[in-house]
Amino acid sequence: MILLAAFDIGHTDAHRNSSVAELSYMVHIHPSIYQYDTRTWVDIAPDLADSFEVDSTGKVFTFGVRDGVTYSDGDPLTADDMAYSLNRFIDLPNSITSPRSGCIRDFMEQGGAKAIDADTLEVTLKAPAVAFLGCVASPWITIQKKSILEDIDFGSDPGREPTLEEVIGAGPFTLKEYRRGISWEVERNPTYYDQPRPYLDVVRHVIITDPSSRVAAFRTGQVHKEAVFPGFGSDDDLAIREAMGDRLFLSETVGFGVTGVHINLRVPPFDDVKVRRAMQLAMDREAMIDILSPAGGDVLCYYPCVFDWIYSAADYRTFPGFRFDKKAEDIAEAKRLMEEAGHGDGLDVTITFRGVGQYPDISAILLQQFKEIGMNIKLRQMESAAGFAAYQAGDFTLAVQGTGLNFLDPDAANSLLWLPNSGRNYQGWENAEFLDLSEQQSRELDQAKRGALLKRMSDILLEDVMYLPTTGGTGFHIQWRCVKGYTQPSALGQNNYRHDRTWLDNEEPCR
């Protein structure tokens, strides 16, 4: 099977990657303790562990390691490997970053994972956490081989990247070849625990960045499907579906996460909340939807609007900046705030974005919209991995970036975006009341009570405005009909792209 990819992998150490596209490479190779079932995308199912128990305190989880799991090199996978990976997410040796493992840092005690024996893993939490099992089922919380990680962390060259020969996992595929800028190719792992899977012999990600070349490669059957999220611009997407409808399998998808603008609070004048609130008010989200989401869309919430027991999209559409019917009032108030902050005569600002997906389009729209309040925008496009490195280092003023959540719970947003140790809290934001409320809600079993706490947390995010949610729309994941056994989930965050159940029918272009 040949997949249409957009860019190279950032790290050969799976724990360090951040993009869903990078996940689509590594999840072939590195499984998790539990997983989201690829047949339903909402149910949590066994993976490297096939059982778990929770003690009476709700703080201690005991996992049973599946019998007979080996790495592709023949070495057994044990509870010791699991414990090392989990503890590493917290310890982060050699100042490495692990952007997608914030939920482990939030929930688990430092050093809280230990092997009772080769077949039994014990994990101790700081406090009971409603979302912990979803956290360990996230495809980002992968288990890598302890002996390799130990050499990377504490060997003669600490903090180095694994070599391609060291990319060894216990997943359905093994790495066959990686040619930077060209392709990432994996082949069937004959030792995979879930035989007779995988059904495919080879999965090849072909890396094509030019938009017209991407369209041509798909339409001529040189590639069989998009690798991850919808990979074409709105016009190209519509044209492909209209021209090739009977030869395609389409699955409707909406983003499970937040897309928006990170504001670097360390850079004046964005340490002034007046400026940040002015930007929130100046964004015309109705116009964004019209341009970016011709099939339909809506505003995005700080916690995905699917959690309507917090706030729904309808609630957000009544808030200043998010509402459609009082844009003139919002713009007037934004201009007043800019004047009050001392920037009524204009402000030069750079927006940084990765040159993938809709980020260039969103940035171009913001350039026009922020002109309304006197902002003179310069656009700075970066290669994908370089962009993530810049964000992580704080090398930006405004950064346009979306984040699909790792698991189906509001805590996925907290652990990834809003808490101080979150992997994508690029802006360096911290709020004492928010932290206290976060600890309370993570232990609360009553959804109504938990929702009230999360509403107040949402209010703090809306008041402090360190991030600007944009809009999201309905899209279609496109693949040729000859690709079978795989349906894109309706939301992206929990998708693991493992392809252990995918197969190819004997028809063009898969023949």
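One is the number of the first residue; the rest follow in order along the sequence.
The CD atom of Gln427 sits 8.0 Å away from the CG atom of Leu417 when rounded to the nearest 0.5 Å. Rounded to the nearest 0.5 Å, atoms CE (Met1) and NZ (Lys484) are 13.5 Å apart. Summarising the geometry, atom SG belonging to Cys103 is positioned 12.0 Å from atom CH2 belonging to Trp140; distances are rounded to the nearest 0.5 Å. One finds the CD atom of Gln441 at 11.0 Å from the CG atom of Asp436 (value rounded to the nearest 0.5 Å). In this structure, NZ in Lys225 is found 11.0 Å from CG in Leu504, a value given to the nearest 0.5 Å. Note that CE of Met457 is 9.5 Å distant from CG of Asn431, once rounded to the nearest 0.5 Å.
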Less than 3.5 Å apart, which donor and acceptor atoms pair up between the side chains of residues 337-349 and the rest of the protein, not counting sequence neighbours?
residue: Glu340; atom: OE1; partner: Arg336; partner atom: NH1; Å: 2.6
residue: Asp348; atom: OD1; partner: Asn376; partner atom: ND2; Å: 3.1

Sequence neighbours left out, cut at 3.5 Å: what donor-acceptor pairs do the side chains of residues 266-276 make with other protein atoms?
residue: Arg266; atom: NH1; partner: Asn264; partner atom: OD1; Å: 3.0
residue: Arg266; atom: NH1; partner: Tyr426; partner atom: O; Å: 3.0
residue: Arg266; atom: NH2; partner: Tyr426; partner atom: O; Å: 3.3
residue: Asp272; atom: OD1; partner: Lys274; partner atom: N; Å: 2.9
residue: Arg276; atom: NE; partner: Asp464; partner atom: O; Å: 3.0
residue: Arg276; atom: NE; partner: Val465; partner atom: O; Å: 3.1
residue: Arg276; atom: NH1; partner: Phe270; partner atom: O; Å: 2.8
residue: Arg276; atom: NH1; partner: Asp271; partner atom: O; Å: 3.4
residue: Arg276; atom: NH2; partner: Asp464; partner atom: O; Å: 3.0
residue: Arg276; atom: NH2; partner: Asp464; partner atom: OD1; Å: 3.4

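Counted by atom type alone, Thr318 and Arg323 present zero donor-acceptor pairs between their side chains at under 3.5 Å. A donor-acceptor contact closer than 3.5 angstrom is absent between the side chains of Tyr316 and Asp298. Checked by atom type, the side-chain pair Ser422/Asn425 shows no donor-acceptor distance below 3.5 Å. Side-chain polar atoms of Thr220 and Gln222 form a donor-acceptor pair below 3.5 angstrom. In this model, a donor atom of one side chain and an acceptor atom of the other lie less than 3.5 Å apart for Arg100 and Asn406. With no hydrogens or angles considered, no side-chain donor-acceptor pair links Arg16 and Thr97 at under 3.5 Å. Inspection of the Asp330 and Gln280 side chains reveals no N or O donor paired with an N or O acceptor under 3.5 Å. Looking only at atom types and distance, the side chain of Asp459 has no donor-acceptor partner in the side chain of Tyr302 under 3.5 Å away.
In this pair, His262 and Tyr467 present their aromatic rings perpendicular. The plane angle is above 60°, beyond the 30 to 60° band. Ring geometry for Phe307 against Trp309 counts as perpendicular: the plane angle is over 60°, on a 0 to 90° scale with 30° as the lower cut. Using cut-offs of 30° and 60° for the angle between ring planes, the Phe132 and Phe107 rings count as perpendicular.
At least one donor-acceptor pair under 3.5 Å links the side chain of Arg214 to the backbone N or O of Ile208. His477 contributes a side-chain N or O that, together with a main-chain N or O of Val228, makes up a donor-acceptor pair within less than 3.5 Å. Side chain of His205 to main chain of Ala5: no donor-acceptor pair is present (N/O by atom type, distance under 3.5 Å, no hydrogens or angles). With hydrogens and angles disregarded, a donor-acceptor distance shorter than 3.5 Å links the side chain of Glu22 to the backbone of Gly10. Proximity of a side-chain donor or acceptor of Asp47 to a complementary backbone N or O of Ser32 within less than 3.5 Å is detected. A side-chain donor-acceptor contact under 3.5 Å links Arg424 to the backbone of Ser18. At least one donor-acceptor pair closer than 3.5 Å links the side chain of Glu383 to the backbone N or O of Ala386.
Using a 4.5 Å heavy-atom threshold, the side chains of Arg285 and Phe322 count as touching. Looking only at side-chain heavy atoms (C-beta outward), Asn414 and Phe434 come within less than 4.5 Å of each other. Put simply, the side chain of Gln35 does not reach to within 4.5 Å of the side chain of Pro31, judged on heavy atoms. Looking only at side-chain heavy atoms (C-beta outward), Phe232 and Leu238 stay at 4.5 Å or farther from each other. No side-chain heavy atom of Asp8 sits less than 4.5 Å from a side-chain heavy atom of Ser384. In this structure, Met375 and Gln369 have side chains that are not in contact, with every pair of non-hydrogen atoms separated by 4.5 Å or more. You'll find the side chain of Leu461 reaches within 4.5 Å of the side chain of Trp429, heavy atoms only. In this structure, Gln479 and Glu226 have side chains that are not in contact, with every pair of non-hydrogen atoms separated by 4.5 Å or more.
Ring-centre distance between His15 and His30: not below the 6.0 Å cut-off. A ring-centre distance under 6.0 Å is not found for Phe407 and Tyr36.
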Does the ring-ring contact (aromatic ring centres under 6.0 Å, His included) test come out yes or no for Tyr25 and Tyr178, once each step is laid out? CA-CA 10 Å; Tyr25 293 157; Tyr178 173 43; 7.2 Å; no
Checking side chain to side chain contact (heavy atoms under 4.5 Å, CB included) for the pair Ile331/Leu281: CA distance, chi angles, key distance, verdict? CA-CA 6 Å; Ile331 292 291; Leu281 292 165; over 6 Å; no
Show your reasoning for whether side chain to side chain donor-acceptor pair (under 3.5 Å) applies to Asn421 and Asp106. CA-CA 8 Å; Asn421 63 355; Asp106 290 338; 3.3 Å; yes
Between Cys510 and Val483, is a side chain to side chain contact (heavy atoms under 4.5 Å, CB included) present by the stated rule, with each step listed? CA-CA 7 Å; Cys510 300; Val483 177; 4.2 Å; yes
Are Arg317 and Glu286 close enough, and set up right, to give a salt bridge (charged side-chain N to carboxylate O under 4.0 Å, His left out), and what steps lead you there? CA-CA 10 Å; Arg317 288 195 302 273; Glu286 184 178 23; over 6 Å; no
Pair Tyr311-Phe319, ring-ring contact (aromatic ring centres under 6.0 Å, His included): steps then yes or no: CA-CA 11 Å; Tyr311 280 129; Phe319 300 159; 5.4 Å; yes
The test is side chain to side chain contact (heavy atoms under 4.5 Å, CB included); show your working for Leu366 and Leu398 and say whether it passes. CA-CA 11 Å; Leu366 292 174; Leu398 305 178; over 6 Å; no
List the steps and the verdict of side chain to side chain contact (heavy atoms under 4.5 Å, CB included) for Leu300 and Thr259. CA-CA 7 Å; Leu300 292 176; Thr259 295; 3.9 Å; yes
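Checked for salt-bridge contact, Glu177 and Arg179 meet the test: a charged N lies under 4.0 Å from a carboxylate O. We find that Arg456 and Glu433 are joined by a salt bridge, their nearest charged nitrogen and carboxylate oxygen being less than 4.0 Å apart. Salt bridge Glu185/Lys176: present, at least one basic N to carboxylate O contact under 4.0 Å.
Figure legend: Arg380 and Phe353 shown without cation-pi pairing, the cationic atom not lying both under 6.0 angstrom from the six-membered ring centre and within 45 degrees of its axis. Because its NZ or CZ atom is both nearer than 6.0 Å to the ring centre of Phe7 and within 45° of the ring axis, Arg354 counts as a cation-pi partner of that residue.
Across Thr352 and Tyr391, no two heavy atoms sit closer than the pair O-OH, 3.6 Å.
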